[in-house]
Structures are given as C-alpha cells and as structure tokens.
Amino acid sequence: MSPRKTPALTSTHIVYAVVLVTIAVGAVLVGSAGRNFFSTGNISDILTGTSVLGFIAIGQTLVILVGSLDLSVPYVISLSSLVAATVMANETGNILPGVLAALALAAAIGLANGLIVSGLKVHGFIATLGMGLIISGYLASNYKGSAGQTPLAFRLIGATGIGPVPVSTLIMLACAGAVLLLLNRSRLGSHMFAVGGDLTVARMSGIKTRVPVIAAHVLCSVLAGLAGLLLAARLGVGSPTIGSQGGYDLLSIAAVVLGGTLLAGGKGSLVGTLGGVLIFAMMDNIMSVLQINPFLKDVVRGVVIVAAVAVYARRRTLGRPARFSDTTGPAGPPDTRPERIQKDTGVTA
Amino acid sequence: TTDSSIEDPPSAEAEPAATEAAPAESTDEWFDQAVYDTQDEQRSATFEGDPAQPHLQYLAGDMTDTAAFASEGAKKVCFANASISNPWRQTGWITMNEQLKALQDSGVVSEMETRDAQDDDNTQISDIDYFISEGNCDAFIISPNSTAALTPAVERACETGKPVVVFDRGVETDCATSFIHPIGGFAWGIDTAEFLSGKLQEGDKVVALRILPGVDVLEQRWAAAERLFEENGIEAVDYFTGADPTEIKKIIADELATGDVQGVWMDAGDGAVAAIEAFEDAGADLPVMTGEDELSFLRKWEETGLDAMAPVYSNFQWRTPLLALEKIFAGEEVPAEWVLPQSPITEEDRGEFLEANEGMPDGHYAKFGGEDLPGYPTVWQERQIP
Amino acid sequence: MDNDVDSPAGSEAVLRAAGLSKSFFGVPVLSNADLTLFPGQVHGLVGENGAGKSTLMKLLAGVHQRDSGTIEIAGQAVDFSHPTQAHAAGLSTVFQEFNLLPERSVAENIFLGREPRRGILTDTRTMQARTSELLAELGVSSIRPGSPVSSLSVAQQQIVEIAKAISYDARIISMDEPTAALAGPEVELLYEIIRRLTSRGVAVLYVSHRLKEIFDLCDIITVLKDGQVVGCHPASELDDAALVRLMVGRPISAYFPDIEPGTAVGEVVLRAEKCGNDQLDSIDLSLRTGEIVGVAGLQGSGRTELLEALFGAAPFTRGTMELSGVRYAGRSPREAVRRGIALITEDRKSEGLSLNQSILDNALSVVRSVFPSRNRKARAGIPAMFSSLEVGARDLSQEVQYLSGGNQQKVVLAKWLAVNPRVVLLDEPTRGIDVGAKLAVYQLMRSLAANGAAILMVSSEIPEVLGMADRILVLRDGRIAGTAPPESTEEEVLALAAGVRADQEASQ
Amino acid sequence: MSAHPTARAESGSTRQPLSRNRSSRGERLLRFLRTPGGAVFVLLLALLAAVIAANPSFGEPGSLIRFLGRTAPIAIAAIGQYFVIASGEFDLSMGSVVTAQVIIAGNLIGQDESRAIPVLLLMLVFGAFVGFLNGCVTTLLGVPSFIVTLGTMLALLGLVMYWTGGAATGNPADSFRQIGRGGIPDVPVVEVIPYPLIILVVVAGAAFWLMRRPFGRTLLAAGDNPRAAALAGTPVWWVKTRAFMLSSLAATAAGIILVGYAGVHPSVGRGYEFTAITAVVLGGVVLGGGRGWVLSAAAGAFSLELLFTLLNFLGVQSTWRDSVQGLIIIVAVAVAAQTWQRKRRGAPPAASQVPPPQPGTAG
Ligand SMILES: Nc1ncnc2c1ncn2[C@@H]1O[C@H](COP(=O)(O)OP(=O)(O)OP(=O)(O)O)[C@@H](O)[C@H]1O
Ligand SMILES: Nc1ncnc2c1ncn2[C@@H]1O[C@H](COP(=O)(O)OP(=O)(O)OP(=O)(O)O)[C@@H](O)[C@H]1O
Ligand SMILES: [Mg+2]
Ligand SMILES: [Mg+2]
C-alpha cells in the first residue's frame, strides 16, 4: 500500500549497531595490547560479565516497562546468595531446597515491592530504595561476612562452559527467551505494556492494573535471586555485600535505557536490553585488558552511557515522512504517517 | 569445558570456615581465641631480618621450598588487585609500582599486568580466570577482595603450577606459595584497647567508630577490642560510619549531647580528624584516642597534644609480594605465611614519622616504607597513580 | 421532570437510570438525573460545558460511583464499580478522552484486557483477523490491525475507539463527543456505523456539541444544565433555537456575532512568501490588522502545520516572512511570542495547559516566561478577565485539571489575552466546547479584531469558518488550494479542499 | 493589558462566574496542611518532640541550633534537588559534585588563605558548569536526566579521583573551613549561630523568593507539561538547565560547608543524591515534576536528619538503622500518596477503585 515504506530504524537496531562498533573498536584496541579479542578466554570473560548483569537487567526491563524501578536488586542478590549458601551448607542434597528457599524469599520481596508500588502508590524509586535499605539493615545485622557454602555440583554452574560460552550465560539467555515470550505473546505481557503506557487506559480496559506491576516486581526480584544464586555458585559462599559490590542497581537501569527502553515505561525491548548489557560487558573487558586506571574506567563508563543513549534519544524527535523536501519538487500525497510529530520541547536557537 | 580445578572436592581448609561463618547472633562470632592468642604473642615476638627493611622481616615458621621455581630471566607478573578505592590501598599501590620499577631495572620482572576488580568479588574471580587462560603469567599476585569468596579462584591459580603470592587479606587455602600479611586484626585490637584501657577509668565511655560490617580484617580488630573493653569495665558503643567524616562528626556530636565521652576507638584511621574536631566544636575535653598512621591523624595529634596512639596496618606490605617473587624465582625459600611486623606509632616516635613524611599529603600513610625506592618522595607527594 | 417520552411501540427500555446524583469535593455535578434508553434508538445528550454529560456517562459505565440513584439494565438493577462490569452487562462507552495506547498495535488496543489465547500464549493471528473483520464491518479499510496506534491520524484513532466499543457486542453504546476530532467524510462514516448499530437494536447514547449531528442522528434528546435534566424530548419536537434555549437558558439571537463597529481592516501585519517546509509548500499569505482569516481543509491537509510554522514551532525551511514590515524568521515559539504572535493549540490538554498548575499560573504562563517584567501588572488584571470570560471555577488557585473542557479552553484564551497579541492563530478553538462558550470565543475574536489584531482561524466546522471569516484559505496536501470569499457555500469550500475541480494529482 | 478585549456574553448566565481571587488565608493554611507538602511540617514537629523526649538536653537552644547548623548542607542539597525534581527531572550527580568540590577546595586552597576567594569563585563556576552540562545534555540531546546525571556522577567522581590520586593533599586553610565549622559566637540564649545555618536561611529565602518569581512558576509549568510550556514561549531547555545549575550550585554550597564541617575525604558527599531525593520526596514533592513546595523539601531534609538522630538516641543497634530508615520512608511516602489520591478522587475515601470482580471476557 505504502509507496515508500521507510524501513524503520528502531532503537534496537541502533543498540546492535553500537554493539558492532564496540566489537570493532574492541578488536583493534585489544589487538594493539597484544591480545586476541576473539580468543576463547576473552569471549568467555565477556560473556561471564554479561550473565549476572543480564539477569538483573532482564528483570529491570520488566519493572521499567510497567513504569516502576527497582533499586533493591543489589540487596536481593546478596540475600539470595546467603540463603542459598547457608541452606545448602555444602550438601549436594540441599541444592534444590537452597535454590527454592532463595527464590521464594526473592519472590516475597518482589511481592512486597509490587504491593507497595501498586497498592500504596509509592513511586518505585522510593519504594525500592526503602526496601533496599530495609534488607541492607537486615543483612548487616544478621550476617557478618560471608556465610554458608555451596556444594561442588552447584558450583559447576558458575564454572562450566560449552566452548567459550559459560553455562550461566546460557541460563541467562534462556530466562531472556522466556521473558521475551511472556512480554510479546502473553496477556500478562500485553498488560505490562499497557500499565506502563497509560494506567487509565489499562484500567478502563478492565485490566487489573496491580497485577502486571506486582508480577513485574516479583519477576525482577526472582531474576535478581537467580543472579544471587549464580554468584553463590561462582563464589562458593553467600556474601552480604556481593550485590552492592557490583553496583547492579544503577548499572542495570543504565543497561535497560541503553537498550532503548523508555524510562517512563510502556515502550521498550528486551532484546535491546541484552545489547546494552553486552556493551557494558565488552567495555569492561576492553578497559581491563588495556589496564585503564580504575578511576578513568568510571569516567569512560559515564561518558559512554550518556553518549550512546544520546544517539537515539535524538531520533525520537523525528516526525512523519516529509511531504515536501527542500530540494525536490512536490511529491504525491503520502498515505502513511507514522507517529504524531513530537517536536523538541526545547526551542532551537 | 569445565574448569578442572573446580572438580576437586573443596579443600579441607574450607570446611571449618563454612561452619564457622554460619550466621550467628553472638557478637563474638569473629572472635577466635587461638588466633587471638597467637597474634597477642606475635606482637612482642622478634622478627627475622633487618629492622631497617621491615617489609622483608618475617616471623620464623614454615618455609616454602621454591627450588622448583628457580629460573633465569625477567618474569611476567599478573596482579589481581581488589581495588584502589581507599587512601590506604592507593598509597600501597603507588609503593608497589615503585618497587616494580626497581625490579624491572634489575631485570627480575619484565612486566606486571594488573586487573583491578573495583571492590567486586565476582569481577576479581573473572580477573583471575582471565589471567589463567589469557595472561601468559609467570607468577600471580593476588590481593583478595574477600576471604571465602576468592578461595576457589586462588586455588585455580595455584593449579597452574606457577607461584602464587597472596597478600593483605587471606584466603581459606594454603596452596599459595606465600601469604603475606602483617600480624593481624586481633593484634590491632589488643594494642588499641590496652592503650585506651590503660588511660581510662572503669566506667568511662568509649565511642567505637567502625567503617563497615562484615569485613574480616576490620571485624577482628573490633572483636578483640570489644572483649578487652568489656574485661576492663569500659563502656563501648560502636557505630558504622562508612569512613565518612560527616557521619563521624554527627555521631560524636550526638554522643556528646547525651553525655561525656572519654575515649575514641577507630577500626581504621579514615576520618579521625573529624572525630577530634567534633570534640573541639562541642567545646568538650579531647578524648583519649586511637586512630591509624594516616598523616592527617598524626598531624592533628601533634597539633592538639591529644593523648593518642596510632596502630598500624603495615602499608609497606605492598612491597613484599614482588620481593617475594624475586626470592621465589631465585629459588630462595620464603615463609609460607609471611607475617610482617605491625608496631603502632606512639607519642614517642610520632615526631620522627612526621618529620620523615614531611610534604606528603594527608591521605598518605606514615609506615608506607618506600623511602629507598626510586620515585621517593615525589611520586608519593604527588600521589601519581598509574 | 418532564420526561414525556413514550416508549416506542413494543419495546422495553434497555436502560433506565433514575435520580442519579454525584458530587466532587462536595460540589454537586449531577443531581437527580433520569435517563431512559430504548433499543434501536439514538438518544442525544446535550448541554453546556460542565453540564455533567461526561459525568453521567461515567456513572453509567462504572467509572465513577454514583452518590445516589438507581440504574437498571434490561430490568435488572446494576451497580458497576468498574467499566468491565458494564461491558459484561452489555454497555460499552467511547469516552471523551482517547483510551488508546499509542505504542501498541490496533489489534492489541482493541482486545486489550481480553486477548484471545491459545494455550497460555496470546493468539495474535486470531486477534488480528478479528480486528480486520471488525474494521471491515465498519467499512474502514485504511487501518491495518498490526500498525501501532501512534501511526494513525486522530480520525483513525477515533475509529479504532469506536471499533473497540463495538467489539464488546454491546446492547448499549454511549459515545462522548465522538466527532470532536472528525471532519466531513469521517462523520459520514460514523453516521453509517450508528445507523447499522441501531438497526441491530442497539441503543446509542450520543453526546455532541454539534447540534446538526444531534438532529441528524437522534430520536430523543435529553438536555442537561448545571447537572440537572431540564428537558427530554423527541428530536422532532425541537429545533436549533429551542434546543439552545434549553441548554443555555437564554435565547441566542445570532449564532455568529456581527463584526464590531469600528473594526477596520488595515495594513498587512504578517506576510509569508514562498514559504515551505517538509509538510507545506508554496505558502503565500498576508494577514491584515482587524481581519479574521479562516483556514479550511480536510483532515491532514496541513492546517495545524501551517499555524505551527507561522508560530515557529515547526519552522518553515524555505521562503521569507515579515511582521509589520520587519523580517521575521519564525525559528521558535519564543521569538513568535516576543513579536506578538499567539497560538491557541488544537489539543488544549497536551499542548495548552499545565494541568497540575492553578488557573492563575496557567493564565500567567506566557507573561511570566516571555515578558516577566509585565508580570505584576498582568496579575492584577486576571480576576477581571476571568469574570468577563465567565470561567466557572471555585477560585483562581484551583488546578485546571478539575475544570470542564470549555472552561479549560477559556483558561487557554486567557493566557494569550494577558499578553495582548497582534497576531492570533487559533487551531480548532471551539472543538468540544458548548454553544455558550463558543459564542464567547467568537465574540472574543471579534473584539480582538476590533482592537486591531490579525486573526487566523483553523476549523473543521466549515459553517463556523464561513460565519466568522473575512476570507477563507483552503489547504490541500500542504499547499494553498485557493481562497474562498465568505459568501461561498459549504459545498464550494469542500470541493476546493478535496480538489474535485482541480486536476487530481496522481499519487505514486 | 488594560485594553485587552473581553467577551461580552449576553446577560445573566446562571453559572457562578469566577469572582473570588483566592480563598481566605485560614482556609488555605488548612488545605495546605492536608497536602503532603504541608504534612511534612507536622511530621517534623512530631519527630522533634520525639527526639526531645528521648533526650531532653537536645531541646536546649544551644543543641538545637547546632543541629540546625549541621543539617544545613543536606537541607541545601534538598532545596537544589527540589528545583530539578519540580522540573520533572532527576539529579543523581549531586553527591559527586559535593565530593569534587570538597576535594577541589582541599587541593587548590591548601594552607594558602589568599587563595580562598579565587578558589571559591572557581568552585561556584565549576558547579554551575556541571549543572549546565547536565541540563544541556538532558534538554538538547533528549537523554533522560536519570541517565545523564548517572553518567556525570560516574565521570565526575572518576576524574576527581584520578586527578588527586584518591586523596586530597589536606584540609584547606582554617579560615575557609570556618564557613562550615564556625559561627557567630556569644549570642544570647543559643550561644552560637552557625554560619551554615545562616547560609541555609539565605538559600531557603532565595529559593522561596525564586519560586514565587516568574522563573519558579515557569519551572513548575515546564515540569508539568513541557510541550505546553514551550508553546507558550518558554525556553524550556533553559528553564530546566537553570534548575540543574541551581542543583549543582546547591551541591557546591553543601560541599563548601561540608569541607569546613567535616574536612576533606573522598567519601564526603557519598550518597548525597539519594538522601536529597529522599528528603524532597518526604517533603511531598512529586517525582515527575510540576508539584510541590520548595520549603517542604528542606523540611523533608530536617525530618530525615531528626529521624537519624532519634535512632541514635534510642540506641537502635547501628546495623538496623538502615532498615528503620527504609521503613519510615516508605510509610511516609505511602501516607502522602494516599492523601493525594483521596484529594484527586474527591471527598471521602469511600469509593476505592476496586478491581473488577470477574470481568466477563477475561478468564
Ligand atoms: N474527576 C473530577 N473531579 C472533580 N471535578 C470533576 C471531575 N470530573 C468532572 N468534574 C467537574 O464536574 C463538572 C461536570 O463535568 P463533565 O465532564 O461531566 O462536563 P461535560 O458536560 O462533559 O462538559 P464538556 O462538554 O466540557 O465535556 C465540571 O464542572 C467538572 O469540573
Ligand atoms: N495523510 C495523513 N495520513 C494520516 N494521518 C495524517 C495525515 N495527515 C495528517 N495526519 C495526522 O492528522 C493530524 C492533523 O494533521 P495536520 O495538522 O496535518 O492536519 P490538519 O489539517 O491540521 O487537521 P486537523 O487539525 O483537523 O487535525 C496529525 O495527528 C497528523 O499526524
Ligand atoms: Mg464532557
Ligand atoms: Mg489540526
């Protein structure tokens, strides 16, 4: 129907273009340091870097889609690693109870977050900041340093790989697949988009608006719990600080936004988020190989986050296809018009 | 593929740690009478080696035979660092790099590749694994971010058959060629608590300013001190400050608003000056106090004429790992557990240290031990971090 | 109540509401209202802005809970606490505000909350197929079920809303100003849809401020005034004048006020030559002091773009403009406001008002951001301005979100009056407001003209353009298709707008 | 203005025309106290009473004034953060700005008193510049401020640490530190009036004045609906950028006070952004912009500090303090949210929006 259907360049495309650029730059830089960017060890290092942040960013994507945030993830991670490790207490037979206990607790925290956000109408920022503080106090009061021990069979998860691909990354990708299906092919998923997009519309359509919010929070916490389990497998013990050490709260939000999800909710892509996570992991890898001063690493991270988001944040100001252009003469009447024009709020000088 | 090392059953050493570390309500959880007694003795023990080079001194004990490592040529060292996120680590890191230059000049070390984990256990595990698979390392130096969590990774490094030197915090395995550390937290606790108890009366109040919970090195300091305060009938209340002077000042101000405070105890010197200033600002009598050998504290101490002492968590230990590797590659035996001296700075020798460190920034540590290294003193004065 | 409507022969009332009352913050908005709907009939609901029409609909739909009264559907007393319960009982509503998610597809929007499933997954194919059927049933082929709603025009979005309401298989459909965003052909389409519905025995409750539509469509008309039913008559018994009298409680002598004495068309204030951007081309126009120029055109012909370009919100990239003989670049709204241009936007909620701010703050927003030095003086004049505009509100500190549509529009007008503009651009200034408020807007335009302002007014209601303008620019596909004199007929303007007489431009 | 034309609608409309300018003062106060922005003052008084009950000596004027003095920096930061939040944005870079300024003061002033003034000016310029950068990237490049300021937070702290090697040379000259440490001595009743308190009063006064100025009202309008504001001729980018600049300048002021109060240390200022945002939200300011009163933000900061003090006095085990703080924040904001809700829904909280029981089609 449409005479000139411009192939829409979505933010996900751009994210993966950035991924490619990062790979290219990484290959050159790592090569210049006398290393091989594509060696097994290096790829495995990068992918390992994606798995923990990946779990959290998947969950964070859900929470951001419904218009909330989760700043409590670091503490859920720590708690889950501790619960798992202490329940397992180095007994292979306790693996299942340990995993279940950790995930159940994570789910309960997510439930509480969800109820506070959707029921008490507390902004997700505050609700989860508060919840994070509550858990952090609990951790500090009850766990002095690392605790418990995960059995060998469980630790294998953190140390096994198929070729250069760690099992943990595969599990993370499997979770991503499941969540992708949930988002795009289930009622709950549609309702998450709806609630994040416009609460009134969702309510008017008969959606129980609390359900998607609560579900997103529960899933986010459970995914953080999984990240905690993975860390318990890698560390061999539970640790009360492992979550906050990684700074996963802000980093995961940055990865989600980098992946093209609207911070305000209602629009976004999980695939993009994975791209964002990959960019971070590669960036860390490259900077470590180059032995960049750790303080400067943060500078680079900060600049890259902003610059990358800026690339496609500008794109959203595009309007509908032009009817007339400055150079050519009149064109035929367009019969498609994507997107109501969203002009700059700022006034151009 | 599966990392071969992980298939080994966890080493026997890990077992007691697991049970010991289970969450417990008791505040004594970190207290270990045997270790306490050992460290108490070590405080007054005589160290082998030249006192002019404290970073090479050690306590007599088991030695690791390193004949197998003896070889010619400059070696590549891989260093997995926990972080340089506090002034103590920064000072040490500068010293270590100067030591590196010296060893590069003498042809012992060709290069040192460093990965900094930025305080994250998980990153440090990846760093070590990366070194194992990609680093072409001839030797490993590891400054673990935490004890239990890094144990498996250190074991994997050991399995490469290359020398592994662990320093500062330990791990729960003795596979390392050498584990370098000053006497330890209990000794710190004993030094400080005995000093304060000696100066204070029974029933006096001590405010204990602690950085954060859950770090073994720090927890042991408090475990020992708390016990001694209790024994001596001194009332001690402890706070976590995150090393933030603002927080410290508020805590002291609130304490002074509630009643008198006769002593201040710190598990690390960060922010000691703020604690003293809180007394000054409130117009209260200055307390008896223990801080650390950070210059800011020594300077304030001298200026105010405070009754104080500065325990030391010997910063010069950052030189030792590289020197240990020099010995190892020369085939000389090294202590399996290399205990470095750790003697507090007292009223008597304070002036001496202040003089020796003139021109150094406030965040510098008096016992950094790098006076004989090439960049001295500019590198430390300008705090050039590579 | 003079509820003198008999039930049509043989049919039972499908909805019977009696004594409905509702107050917000103790302010009664609806008191003791009765309403009866019969199958196959269109029931018109009219009244001034703020009369309580939307509130009545929301009570029926279960969006708001009534304070008192009873509602029966097919003889059964009902008490909805949520719109879905109303849907289940066979009542669906097209609300005044859009209820669509712009980022989601048409099909997803229509089936939101009741997506068909196969197993645990959503059955996207069925959903799209059913959407296509639904749209075909409405006689619409230009909307694809898979395209995101944000890619649709306002009119198309309105059609999606209607499709959604119909998809519930409702016995009763209420529509709150469904044509507010529609122009000629789409309105025809809607008529068609409504007739098809009533022929199936559906009862329709219809709210509109366009009296023509009310008379075209409705069988029975209920008039609300200040929250009370002041009349319920068969449409055949009423005419325009009678209806307006009921609504306003006063006679309206002339619908469009005459030009004020002393109004003189003077020299050119704003001139544009060969202007264009990616939506407009070859725009030549000149506006004179004291003149009201109308802009007509079909949906999407670029009328809004024209105003936005003149105002610098979506600037021209070609051509030159002059304001009172001095070059005017038109790069930003700020420049435009500085130079004395005002733009009353089409969509007051998203472009005209800060809904959480007070009436006073909104009214002063232009003064404060562009002429801060005049703030104090402007502030002093506000109360007088509001009482002359007859804004119905508690006080000036009330947040504008709680005002009805017409009163909100008056706040928008007030914020521009406060800076005394030389050129006033109005985009659909009377959309969705009642006759009384419309009249106020017309009079305001007249007196602005009398005071020497130049006025450019866009409207989809051609009678309004004909009634008010001194001359009419007709836009087609981003160009000025021609100028029509005020004596033209509606048909002539439409023909120009649709390009019937002009040679069709072939679209590739 | 006087000549503005008005509509002359014909004769006696039955609608009550808007004649009243404002409600009466008492009515307004009562209405205000029922909003979250007003309720925080009630919370403040309640906490104060509780603290004094727990430790009567805190109620002495001398103690109170010292408390006010030491809370000044966080209150100033909250006021700065208020501008940004009211404009619909976030400023996460605040903590890093504080740290950076503290270290700049330590390193550039050193013991040389003559440098105090030039460095002070430099710090102000630097603060304004950081805010300007945040604002421009947010508004002109369209990057969400959460991300922009997160980036600034990382980059700024990293740069400062890199520059100083992690630790400052030392505290700046004592005369400079007097700004944060000293006060007007020998005042009757209260003993001293700390300079930080004076700075706070000035800042709060200026903020209050600013919010009543066209700038303040425009800021709220732009936070509420930036598109409408832009079409009203507001240079939205500049309004928001100024909000960011005010925020960074407030962080600078907080840094200047803190370097005096606490001295130089890289952890001074850590977490300030979250504390400030918490304080602002506690003050009833709505995240997302367009609502809230600037002094309520300062009151929120005082409430938060009083809460910490109360916990200290009650001898709550220090590891549990985080938990109590988290709980209180959630409860306070939940209560506030319920109040807004009720206000919005109109009248008594009778009709709660019940989720639909058994919607026919959803299964
Ligand atoms: N949620 C609400 N809270 C407070 N007041 C409200 C609310 N909804 C409507 N009102 C008030 O109720 C009155 C009636 O509003 P309603 O929307 O029913 O009018 P209407 O007849 O539909 O007007 P319009 O033609 O302008 O749409 C108005 O004065 C409005 O301000
Ligand atoms: N050819 C088109 N196809 C689809 N949508 C269109 C088209 N032209 C315009 N629109 C949409 O219709 C709305 C109004 O467009 P525009 O401003 O060009 O028209 P207009 O003449 O001002 O119409 P109106 O003011 O009646 O909406 C916008 O949302 C625009 O995206
Ligand atoms: Mg209405
Ligand atoms: Mg238009």
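In what follows, every heavy atom counts, from backbone to side chain, and hydrogens, waters and symmetry copies are set aside.
Among A/Ile242, A/Thr40, A/Asn285, the residue making the largest number of heavy-atom pairs under 4.5 Å with chain B is A/Ile242. Interface summary for chain B: among A/Gly236, A/Ser39, A/Ala232, the most heavy-atom pairs under 4.5 angstrom belong to A/Ser39. Listed options B/Pro213, B/Ser146, B/Gly135, B/Ser126 were ranked by heavy-atom pairs under 4.5 angstrom with chain A; first place goes to B/Ser126. Listed options B/Ala153, B/Ala149, B/Ser133 were ranked by heavy-atom pairs under 4.5 angstrom with chain A; first place goes to B/Ala149. Your options are B/Val215, B/Ile84, B/Leu212, B/Thr147, and the one with the most heavy-atom pairs under 4.5 Å with chain A is B/Ile84.
Proximity to chain A (any heavy atom under 4.5 Å) is shown, for B/Gln124, by neither the backbone nor the side chain. The parts of A/Val289 that come within reach of chain B are both its backbone and its side chain, each placing non-hydrogen atoms under 4.5 angstrom from that chain. Heavy atoms of A/Arg234 lying under 4.5 Å from chain B belong to its backbone as well as its side chain. Using a 4.5 Å cut-off between heavy atoms, B/Asp216 does not touch chain A at all. Interface remark: B/Asn145 contributes side-chain atoms only to the contact with chain A (heavy atom separation under 4.5 Å). Heavy-atom distances place both the backbone and the side chain of A/Pro294 under 4.5 Å from chain B. With a 4.5 angstrom heavy-atom cutoff, A/Asn42 touches chain B via backbone and side-chain atoms both. For a residue to count as touching a neighbouring chain, one of its non-hydrogen atoms must lie under 4.5 Å from one of that chain's; by this rule A/Thr241 does not touch chain B.
Across all their heavy atoms, B/Trp88 and B/Tyr313 have their closest contact at NE1-O, 3.0 Å. Taking both residues in full, the closest heavy atoms of B/Ile128 and B/Ala80 are given as CG1-CB, 3.8 Å, listed atom of the first, atom of the second, then distance.
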Decide side chain to side chain contact (heavy atoms under 4.5 Å, CB included) for A/Leu226 and A/Cys175; before the verdict, give the C-alpha distance in whole Å, the side-chain angles of both, and the deciding distance to 0.1 Å. CA-CA 10 Å; A/Leu226 281 171; A/Cys175 286; 3.8 Å; yes

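The residues B/Asp138 and B/Lys75 are annotated as not salt-bridged, no charged nitrogen and carboxylate oxygen being separated by less than 4.0 angstrom. Ion pairing between a basic and an acidic side chain is recognised when a charged N comes within 4.0 Å of a carboxylate O; A/Asp284 and A/Lys297 show no such pairing. One finds no salt bridge joining B/Arg89 and B/Asp119 here, because no Lys/Arg side-chain nitrogen approaches an Asp/Glu carboxylate oxygen to under 4.0 Å. In summary, B/Glu159 and B/Arg156 do not engage in a salt bridge, as defined by a charged side-chain N under 4.0 Å from a carboxylate O.
Two residues are said to be in side-chain contact when any heavy atoms from C-beta on lie closer than 4.5 Å; B/Gln33 and B/Arg227 meet this criterion.
Aromatic ring orientation, B/Trp265 versus B/Trp222: tilted (interplanar angle from 30° to 60°).
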